[in-house]
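Here's the structure, in C-alpha cells; my notes come after.
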Amino acid sequence: MKASTIGYLAGLFDADGCISYKKYSKKNINTGKVYNRWDIVMEVSMTNENVIKYIHETLMRGSFAKKPPGKGQLGK
C-alpha cells in the first residue's frame, strides 16, 4: 500500500474514527469453564458512502452498513 493511501486512511480515522472495547465473560458449552472475552471494534462513521466503500475495498476487512439517524440527529 502506498504511503499516501496510508496517510489518507489515517486522516479519515483520526477525524471520523473510533475504537471501542468491551470485556465479556463467556461460558464454554463443552467444558463449562468461564473465559474472559474482549471485543475490540474500529469504526469510521460518516455520511459519504463512497468514502466508506473505498476504505472497505482498500483494507479488505470488516463490513459496512447504513444506520438511520437517531432522533437527536435529524436535520443535521
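Just the heavy atoms: all of them, side chains too, but no hydrogens, waters or symmetry mates, feed the values below.
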* Hey, quick one: are Tyr24 and Val41 part of the same hydrophobic cluster, counting side-chain heavy atoms closer than 4.5 Å, chains of contacts allowed? -> no
* To do: Identify whether Met1 and Leu12 are in the same connected component of the hydrophobic contact network (ILVMFWY, side-chain heavy atoms under 4.5 Å).
  => yes
* Structure fact -> Residue pairs passing the salt bridge (charged side-chain N to carboxylate O under 4.0 Å, His left out) test with at least one member in residues 15-24, sequence neighbours excluded, are none
* **Met60: side-chain contact (heavy atoms from CB on, under 4.5 Å) partners, not counting sequence neighbours** => none
* To do: Output the distance between atom OH (Tyr21) and atom CE (Met42), rounded to the nearest 0.5 Å.
  => 15.0 Å
* Could you tell me how the ring of Tyr54 sits relative to the ring of Tyr8: parallel (under 30°), tilted (30 to 60°) or perpendicular (over 60°)? => perpendicular
* Asked: How many angstroms lie between atom CD1 of Ile52 and atom CD1 of Ile55, to the nearest 0.5 angstrom?
  -> 4.5 Å
* To do: Assess whether salt bridge (Lys or Arg N to Asp or Glu O under 4.0 Å) is satisfied between Glu49 and Lys53, documenting all intermediate values.
  => CA-CA 6 Å; Glu49 186 176 348; Lys53 285 182 179 180; 3.3 Å; yes
* To do: May I ask whether Val44 and Ile19 are part of the same hydrophobic cluster, defined by side-chain heavy atoms of I, L, V, M, F, W, Y residues being less than 4.5 angstrom apart, directly or through others?
  => yes
* What distance separates Arg37 CZ from Asn28 CG, expressed to the nearest 0.5 Å? -> 12.5 Å
